Each structure stands twice: as structure tokens, then as C-alpha cells.
*Asks:* 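This is the structure I have questions about; it appears just below.
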Amino acid sequence: MEYNFLDIENKWQKNWEDSSIFCPDKNSKKPKYYILEMFPYPSGKIHMGHVRNYAIGDVSARFKRSQGFNVLHPMGWDAFGMPAENAAIKNNVHPKEWTYENIEAMKVQLKQMGLSYDWSREIRTCDKEYFVHEQKFFLELYNAGLAYKKESFVNWDPVDQTVLANEQVVDGKGWRSGALVEQKKLSQWFLKITDFAEDLLKGLGDLSLWPKKVLSMQENWIGKSIGATIKFKIIGSSELIEVFTTRPDTIYGASFIGLSADHIISIKLAKNNKKISDFIKICKQAGTTNVDLEKAEKIGINTNILVEHPFTKEQIPVYIANFILINYGTGAIFGCPAHDQRDFDFAKKYNLRIKQVVSPNNKEQELVEAFVDKGTMINSEFLDGLTIEDAKLRVIKKLKDKNLAESSIKYKLRDWGVSRQRYWGTPIPIYYSNDGDPIPVEDNELPVELPKKIDFNKNGNPLDSHPTWKHVKSKDGKIIGTRETDTFDTFFESSWYFARFCSPQSEKMFDKQYKDWMPVDLYIGGVEHAILHLLYSRFFTHALKRLGKSHITEPFKKLVTQGMVLKDGAKMSKSLGNTVDPQEIIRKYGADSVRVFILFSAPVEKDLEWNDKGIEGASRFIKRMWKIIYENIESINSSFNKDINTVKDDEKAFLIKIHKTTEKITRDIENLQFNTCIAALMELLNFAYKFKEKNNNEKLFGFFIYQFLQLANPFIPHVTNELWELAKFNKKNINLIWPEYDQSIIEKDEVIIAVQINGKTRGSTPLLFEDESDEDISLRVSKSKDFAKFLEGKEIIKKIYVKNRLINIIIK
RNA sequence: GGGAGCGUGGCGGAAUUGGUAGACGCACUAGAUUUAGGAUCUAGCGCCUUCGGGUGUGGGGGUUCGAGUCCCCCCGCUCCCACCA
């Protein structure tokens, strides 16, 4: 019978669904394993990136299940978001309808891949049963002082007409629209992620199973700096200018004070000074892209204000300068040109003093650029001779005594702005009294739902222009307030969905099953979420712990970031026209072949180049597997117990190969090294073909079939299930068992050692018996004609023998 | 500018973690089968070679009996962050 993947795959997908075998057992005493892949946005069509992501997760889930774990492997939909609104405008469909249709279409496509999900736990974040808990959670954060409303400059995307979080601004542009982001002053809701900056930073230390890359990205994003704030007295005034510095040791090198264009003093000065107000305008026009920043010249304007150096009492000029950020530190710095490159450039331009205070050799040098390495203090009175670290402490202490400095720690991390001026999102459960005070929506009024009828043809937020929705009425029909018309950033939904999967139908946000299942043991997704989604999810879990709702602070124990799927060296995209449609490929080759190709062709974490010929190779492998096993299916046999010392040589070799492969795959699959697992399966299959040509030991071949089907099952689930059934061998479900190997048989393998002469490999020789001594081997080797020629007339001065590996003969 | 990572055949990639480099697959070559193509099977496949061997994991140096693997210096590539004081 020919291998007919279409029938087989349909049959087993239906079988799995009907039998619910992939739903975890509630009363199980087995150890739990929670495996999750980042859930998709329901665009309507799966792409190769999804295929790869979910294939990786599925192999892990199937493997863990077969090893006896109670596996939670759910799937859901990140269902709020802008494409639904764009479709609504373009095609005149309701976002909800569009989204639900896409979900159904994508579910069909995912099911065609043969993924072992527990679909009974499916969640859609746009369902009120989901977001009601989010609204409640937000109010809890609000009551705990972790959510607040603030008027501030925010990143405004002029194309998408909405606010973006810092994390969503990439290279000065909106992460979706690519439009140049503007700064706009708006009143927005924020979550106090900065309250957790230190916890989130420390927590990274517990994430030993995360990729180093992601840890370092998060660390950089949190951006902790240890330093001090120092106050400078303005001469002729009682006012002070406070600056932040990580280098208080270089205080004697201070030659100017720099203020951001948005600093209060700058703004004040601009009011009565045209030159200054013009300069500030110029600063604000500057671009923020990489190229702009690299080219940007450091410019400034002298304010004619002078401050007093806290030790030398020298007068120091105050400049407004374009390279000082209002968003970091105090928006003001002291410039030390000798030891900071930016200050150095600035000083050169404006002829400011460059005074060296740190030196590698206790001497002044000609500085052509800032000296930023280690050294000792010079030209610094009481600091001279100290190390940088000691000098920092001394300076802070002395200024602290004068009330002019404090130790200070700053973070780059900003609070998370969650307000979005969009319709298709979770309504923020707040309304404003007629006096404008924010009032949380009462618990029994939740969820706040979106109005079904909505007009997208008006400018701005459709909720805002809705005729009635925003009016909050009392029981007697009086208007008592106005709803918040902003909705949440959709990252809000994805920051806790993993928790909801533990008890997706619970009346509460989650129930005691949260404790049973969390944390997620293995989380798989694209590295593009290294900061946004993964940082917010960690923040939420930390916050849940603080609110007493979670027993853990870190939601994801092990993280794997899979590489992208490329075609012609570039990420697949519609605009490049280099996409490959997974559905088409599945139709042509079957899901098993697609799974094998995508897992075999590159290690999980690396980018993968799509290759039409490669999938044919995968398909060929499965056909060969089908053929030889199908033709010999009745010989299946769960063991081969004959004494290994009595069987023929090639039988012994085959048996050892089977055990060795079992050992290798058991090890590699645990480490997610699926490419080498499949290579090992191919090798074993090739071995089986060669064996079959010359041997007819049915019992042994039957054992090969028994082992092979189980080993291949996580990768090639449809075919292995079909063959297992055809074998009518036993009632055990192949999806719930894993084969064993016998170490003592593996050790019976013939040992071939390398023969080196002066460290150069000259060939190899088999060990004649188990504990053959190095003396015996070297004697044997030196007599053998293969090696004697290298030793002729030479004196053997040393022999190095590595057991079962090699012998190295050193000659002179 | 700061940080992280990576350089192995024509290509994707292996290498038990310091011990026979190139497993497995793709492509390619030859042969078998076939009217032909496709499919399948068999064999070959780093480079050079006077067929003895030489050489080879980006380049150079070092440690070692032995280095793709460890250390130092270059060269190149990728990703992330970025006037963050």
C-alpha cells in the first residue's frame, strides 16, 4: 500500500480530537509540565513562522507526554488589535466578526498541522469572559497605587492615530505604521512598572534557562545606573541646579553645566529671550533616527548663568545643549570634557576648559579624545592618588555633609503607558465624574463592554465620537459621568494569558489551578518579543505576587526563541513576494513532511532558509520509513532478548545502533536539538535498509520497528500512529509511551581507537578486547604495516593512551 | 558609542564539550531501471596531488602529546540598545 498522507492525517487529527487524549488529566498524580507557544494574532492565515513555532512546541509537548508528564499545552488568540479596525474601515465588516472568522479559519489550518493542543482551553482575548478579569485586575492595580493617570508627553503615532509605549517606538518610528513618532501632551493611564525596576532586574538572575541574549536585552532596557545627584548653587540666586552623574569622582574636571531644552530653567529663560527660544526650537526639530543621531552635532547656547563649584568655588557656565535628555536623570548634567566624549566634543566647539582629573600614570597627557579608562585621581586636591571608586565615595560623602549631594540610582525603564485611542481593545474601566475626577467602575458593572454599533468613518477614536456609549447614567437615568474612551494597549491582554490557560473558564481571573500549573515550564516564541511582551509579562507576575495572588514572580521557567523562516535570505513578507503558504505545502507533502523539514533544516534558535528541495528530502525520508515498516509490520516486537554475545556480527551492530539511537534522541529531544534527532532517525533508517538486504532476523527487525515508531512519533505523529495501529501490537497508546535503551548493550559496541603519531592522525584500529593495555596496542600498531612506515628508524619516546579513544605515539 | 552573538565543503548543518573534522540532508557527478521525463535504487562527492602523501574549521600568534573547541591580537558578519550623563 502506498503512503497516503491525506487520509492518514485526516484520520488521526479527528481521532485525537474525539479522544481528547491531549487534554491534561485533572486528577493525575503525574508530574506537571506546562508548555506554551506565543499565541498568534488572528490575521486569518498561518505563516511559516507559526508553523515553525508550533512544530517546536508540539514535539516538546508530545515528548513530555510520552515520558509520563501531565502536559498542559493550550492555544488561544491575541484577538484585539488594529488590523481588525483597518479591515473594518476597508471592507465594512465589524472588527468582531472579522476577528472571529479569522480565528475559525486559522484554527482549521493549525489543526492540519497535527498539533497536540487541548482545544477545550482555547481563549480569545476579545471575549468579555476574558477581559472582564483584566478590567478587575487593572482596578486592583489602581487601588494599590500601581496605575495612575498623568498628563505627559507621549509618543504619538500620526498614522495609527494613537499613543505608543516607549517599547513600541523603534528607531523613532511607530512599530506598526513606521510613521515618524511625534511628541504630544496627553492625559494617559500608566502602569507603574518602574516600581518593579529593581525586582525585574534581580529576577533576571533566576532565569538561568533563558537565552543570554534576551537577559542582556532586558538588562539594558531596565538600564540601571548607580551614581549621585549633585546640586550646584546658582551665583546671585538662592536657586540650585541638580544634576545626575555616575562619575562624581570627576567633579574637579567640571567645566560646564548642561541643561536639556525641556528643563524648567530652559523653559523659563526662553520666555524672555528670543535667542534661547529659537535655539530650543532647533533642538526639538532634530530627528531621532540612527543616522540622525550619528551625524548630529553637539550644539548649545550659553545662558549667562553661572554656578559655583562646590569645592573650588570656581564659576562654571551653564549651557542649554541639544544632547541632554529631559527623560533621564534630572535633565541636567555637569560636563567633564576630559572624561566623557560628548562633553569633550562640546568643549572643543565652545572652547571650554578640558581638565584631566583621572590618569593611568599619575601624569597629565595630551588628550585627543576623552579618557574613560581606569586610573587614579590627579588635579583634584583631596582626591589625588585615589582610585575612581574610592574618589566617588569621598566626593559623595563630603557633599552630603554640605547637603549638596545624594547617592542615587536611576533606571532607563519608564512607566508603561497603556491608553490607546482605538475601538478594538479592552475598555479602561474608569469614568469621570462631572468634576472630572476618575472613578473606578463598580465591580457589579463589570465588564465594561464595547458598543456593538460603531462608526469608523469619523476622525479620531470611534468610541469618543459614539453618540451614547460614554455617558454613564445612574439608576434614575441621570448622566453622572463620562466614560474613559481609551482602550488598553493590546499588550495588556498578552501579559497574563498564560495564567488564564490554567483555568480558562474560572469565574475569577484564575483559580487554584494557577498554583498547580504555573510557572510555564517551556515557553517558545520569536525573539522580537524579547523586551515588550516578555518584560510586561514578568512585570504582571511580579505585581500579582505583590498583590498576594501569585506564588511566583517569574512566569516562564525556560524560554526558547526560535529563529525566523527566511526565503532568499530575507524574512518572508507580502511586500517582498517571497512567502510560502503553509497550507499549500501541507496539501502537497503532508503535515508530517513539513514538520520534519522545518525541524531538521536548522537548529531551533537559528534562522531557517526555506528550501523547496529540502521538503522533498523530508518527504522522501517519510516514504522510505513507511515502506520498510509497512512491509514488515507484522514482525513488530517489543524486545530482543537474545544474548548479544551469541548473535551474528551485523545483528549485534544493528541492535547496538537501535539502542544508541534511542539514547541519543532521548537526550537531544530534551535539549530541543531536533535537527540532530531527525538526523539520527535517518541514520537508523538507512542502517535498517542495509541490514534488511542481507538479513532476515524478524525478531530483531521487529524490535527496530517497535523502537523506531516511538522515537519518530513526536516528529511524525500521523504516520507513526497509523503504523502503530496497523501493527495491532498492543493496546498501549503510542502517544503515551517512550522507548528504553540498555546501556550495557551500547557498551558492547566495537571500540575503534584513533592512532596518532606525533599528534597527527594516521588511521585507526579496533580494540581486540575490552581492556587491552596501551602497551599491547602500541606494540600491535608498530608492527602493523599501516603504521610501521611512520615509525621506521625512529625512537619512541612517549605514548599517550586515552581509553577507548586514541593512542598517540611520540617519536624522535 | 555600548552590549550580545557568530565565522566549518557548492549549500543547510554535525562533531559525545580538548581526542579520527565534515554525521544527516540538499545540490552535483556517474551508473542501473525507463521510449523519454519523473520517481526509485547503487556508487562517488573539502581542497591539492607526481597517488607516496600533503593540506584543511576567517587570518596571525599561544597553551597542549593533541585545538573547530581554551587564551591573546586582528579581519569580517548578524542582532539588540543608543547623545541614558
Side-chain angles (χ1 to χ4, degrees), chain A residues 170-171 211-221 223-225 227 243-247 250 258 260 286 288 290 292-294 296-298 321-325 327-336 339-343 345-346 370 372 410-413 527-528 530-531 563 596-597 600-603 605-618 620-621 623-624 627 660 663-664 667-668 673 675-686 689 752-765 789 797-810:
Chain A
V170 181
D171 200 10
K212 276 203 203 85
K213 187 179 168 182
V214 176
L215 293 176
S216 103
M217 281 165 74
Q218 292 216 351
E219 191 182 331
N220 288 337
W221 191 264
K224 181 179 184 177
S225 293
V243 304
F244 174 72
T245 179
T246 55
R247 294 294 301 274
T250 63
S260 160
T288 49
N290 287 350
D292 292 338
L293 289 177
E294 234 146 68
E297 199 188 359
K298 290 183 178 43
N322 65 340
F323 63 96
I324 295 155
L325 305 171
N327 281 328
Y328 187 74
T330 61
I333 61 150
F334 79 75
C336 177
H339 305 289
D340 182 290
Q341 191 57 42
R342 294 157 300 183
D343 299 348
D345 296 344
F346 192 76
V372 293
K410 301 278 184 209
Y411 301 89
K412 291 186 209 167
L413 188 67
V527 74
E528 65 272 18
I531 299 174
V596 165
F597 168 76
F600 173 64
S601 298
E605 65 282 358
K606 284 188 78 172
D607 285 351
L608 179 151
E609 175 73 28
W610 180 263
N611 179 343
D612 290 331
K613 292 288 181 187
I615 180 117
E616 285 176 24
R620 200 146 47 221
F621 162 61
K623 281 183 195 149
R624 270 163 63 78
K627 185 171 189 293
K660 264 191 160 175
E663 189 235 20
K664 179 177 173 58
R667 178 163 24 88
D668 285 2
Q673 289 164 335
N675 55 332
T676 56
C677 289
I678 292 169
L681 286 173
M682 289 170 166
E683 246 183 275
L684 181 57
L685 187 71
N686 292 344
Y689 265 89
I752 293 170
I753 62 164
V755 178
Q756 297 185 341
I757 290 157
N758 281 355
K760 196 160 259 180
T761 305
R762 293 296 180 181
S764 62
T765 184
K789 61 190 170 196
I797 51 174
K798 200 174 170 188
K799 280 166 277 182
I800 292 141
Y801 177 61
V802 183
K803 196 164 188 292
N804 294 347
R805 276 284 153 74
L806 58 76
I807 185 153
N808 189 2
I809 300 169
I810 312 301

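Being a predicted model, the structure only gives us computed values, none of them experimental. Order of the sequence lines fixes the chain letters, A, B, ..., with proteins taken first and strands second; residue numbering starts at 1 for each chain.
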*Asks:* Assign A:I324 to base, sugar-phosphate, or nothing according to its heavy-atom contacts below 4.0 angstrom with the strands shown.
*Replies:* base

*Asks:* Categorize A:N808 for me: base, sugar-phosphate, or nothing, with a 4.0 angstrom heavy-atom threshold over every strand shown.
*Replies:*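 Touches a base.
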
*Asks:* Could you tell me whether A:K412 contacts a base, only the sugar-phosphate backbone, or nothing, with contacts defined as non-hydrogen atoms closer than 4.0 Å?
*Replies:*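 Base, at least one base atom sits under 4.0 Å.
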
*Asks:* Partner lookup for B:rG12, please. Criteria are Watson-Crick or G-U wobble with both distances under 3.5 angstrom; report none if nothing qualifies.
*Replies:*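 The base-pairing partner of B:rG12, which may sit in any strand shown, is B:rC24.
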
*Asks:* Taking B:rU57 as the reference, what is the distance to B:rG38 when you measure between their P atoms (whole Å, please)?
*Replies:* 39 Å

*Asks:* Ignoring backbone atoms, establish whether A:T761 has a side-chain N or O less than 4.0 Å from OP1 or OP2 of B:rA21.
*Replies:* yes

*Asks:* Which nucleotide sits closest to the side chain of A:K298: B:rC83, B:rC41, B:rG3?
*Replies:* B:rC83

*Asks:* Between the base of B:rG19 and the side chain of A:Q756, is there a donor-acceptor distance below 3.5 Å?
*Replies:* yes

*Asks:* With heavy atoms under 4.0 Å as the rule, sort A:N686 into base, sugar-phosphate or nothing.
*Replies:* sugar-phosphate

*Asks:* Side chain of A:Q218, backbone of A:A530: donor and acceptor closer than 3.5 Å?
*Replies:* yes

*Asks:* Do the side chain of A:T761 and the main chain of A:G763 share a donor and acceptor less than 3.5 angstrom apart?
*Replies:*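 Pair absent, no side-chain N/O of A:T761 close to backbone of A:G763.
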
*Asks:* Does atom NZ of A:K660 have more than 12 heavy-atom neighbours from other groups under 6.0 Å away?
*Replies:* no

*Asks:* Does any nucleotide pair with B:rC47 by Watson-Crick or G-U wobble geometry, both distances under 3.5 Å, and what is it?
*Replies:*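 Looking at the geometry, B:rC47 pairs with B:rG54.
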
*Asks:* Base, sugar-phosphate, or nothing: which does A:L325 touch, judged by heavy atoms less than 4.0 Å apart?
*Replies:* base

*Asks:* Could you tell me whether a side-chain N or O of A:Y689 sits under 3.5 Å from a main-chain N or O of A:L684, the two making a donor and an acceptor?
*Replies:* no

*Asks:* Would you check if the side chain of A:D340 reaches a backbone N or O of A:D343 as a donor-acceptor pair within less than 3.5 Å?
*Replies:* yes

*Asks:* Can you tell me the base-pairing partner of B:rC84? Count Watson-Crick or G-U wobble geometry only, both distances below 3.5 Å, and say none if there is no partner.
*Replies:*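 Result: none.
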
*Asks:* Determine the interatomic distance between P on B:rU8 and the same-named atom on B:rG58; round to the nearest Å.
*Replies:*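 Pairwise P distance, B:rU8 against B:rG58, rounds to 6 Å.
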
*Asks:* For A:N758 and A:K760, indicate whether the former's side chain and the latter's backbone hold a donor-acceptor pair under 3.5 Å.
*Replies:* no

*Asks:* Measuring from the side chain of A:K613 (C-beta onward, heavy atoms only), which nucleotide among B:rC81, B:rC65, B:rA27 has the closest atom?
*Replies:*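 Minimum distance to the A:K613 side chain belongs to B:rA27.
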
*Asks:* C1' atom, B:rC47 versus B:rG9: distance in rounded Å?
*Replies:*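 Pairwise C1' distance, B:rC47 against B:rG9, rounds to 9 Å.
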
*Asks:* Please determine if a side-chain N or O atom of A:K606 lies less than 4.0 Å away from the OP1 or OP2 oxygen of B:rG13.
*Replies:*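 True: A:K606 side-chain N/O within range (under 4.0 Å) of B:rG13 OP1/OP2.
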
*Asks:* Which part of the nucleic acid, if any, lies within contact of A:G223, taking any heavy atom under 4.0 Å across all strands shown: a base, the sugar-phosphate backbone alone, or nothing?
*Replies:* nothing

*Asks:* Which part of the nucleic acid, if any, lies within contact of A:E683, taking any heavy atom under 4.0 Å across all strands shown: a base, the sugar-phosphate backbone alone, or nothing?
*Replies:* sugar-phosphate

*Asks:* Mind checking if A:I752 touches a base, just sugar-phosphate, or nothing, with heavy atoms under 4.0 Å?
*Replies:* base

*Asks:* Could you tell me how far B:rG13 sits from B:rC79 if I compare only their P atoms? Round to whole Å.
*Replies:* 16 Å

*Asks:* Respond yes when some side-chain nitrogen or oxygen of A:R620 is under 4.0 Å from OP1 or OP2 of B:rC26, and no when none is.
*Replies:* yes

*Asks:* So what's B:rA32 paired with, Watson-Crick or G-U wobble, going by both distances under 3.5 Å?
*Replies:* B:rU40

*Asks:* If B:rU17 has a Watson-Crick or G-U wobble mate with both distances under 3.5 Å, name it; if not, just say none.
*Replies:* none

*Asks:* Which base, if any, makes a Watson-Crick or G-U wobble pair with B:rA67, both distances under 3.5 Å?
*Replies:*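 Base-paired to nothing in any strand shown.
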
*Asks:* When all nucleic acid strands are considered with a 4.0 Å heavy-atom cut-off, which category describes A:D607: base, sugar-phosphate, or nothing?
*Replies:* sugar-phosphate

*Asks:* Take atom P in B:rC75 and the same atom in B:rU50, then report the distance between them in whole Å.
*Replies:* 39 Å

*Asks:* Strictly by Watson-Crick or wobble contacts shorter than 3.5 Å, is anything paired with B:rG5, and which nucleotide is it?
*Replies:* B:rC77

*Asks:* Below 4.0 angstrom from OP1 or OP2 of B:rA85, is there any side-chain N or O of A:S225?
*Replies:* yes

*Asks:* How far does the P atom of B:rU69 sit from the matching atom of B:rA15, given to the nearest Å?
*Replies:* 16 Å

*Asks:* Please work out if A:K760 contacts a base, only the sugar-phosphate, or nothing of the nucleic acid, heavy-atom cut-off 4.0 Å.
*Replies:*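 Since only primed, P, OP1 and OP2 atoms lie under 4.0 Å of A:K760, the category is sugar-phosphate.
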
*Asks:* Determine: side-chain N/O of A:R805 to OP1/OP2 of B:rG66, distance under 4.0 Å, yes or no.
*Replies:* no

*Asks:* At less than 4.0 Å, is any side-chain N or O atom of A:N675 found next to OP1 or OP2 of B:rA14? Yes or no.
*Replies:*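 Yes, such a contact exists.
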
*Asks:* Sticking with atom P, work out how far B:rU49 lies from B:rA43, rounded to a whole angstrom.
*Replies:* 28 Å

*Asks:* Would you say A:R762 places a side-chain N or O within less than 4.0 Å of OP1 or OP2 belonging to B:rG54?
*Replies:*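 Checking B:rG54 against A:R762, a side-chain N or O does come within under 4.0 Å of OP1 or OP2.
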
*Asks:* Would you say the side-chain atoms of A:N322 pair up with the backbone N or O of A:E297, donor to acceptor, closer than 3.5 Å?
*Replies:*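 Here the side-chain-to-backbone pair exists.
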
*Asks:* Can you check the distance between B:rG56 and B:rU20, where both ends of the measurement are the C1' atom (answer in whole Å)?
*Replies:* 15 Å

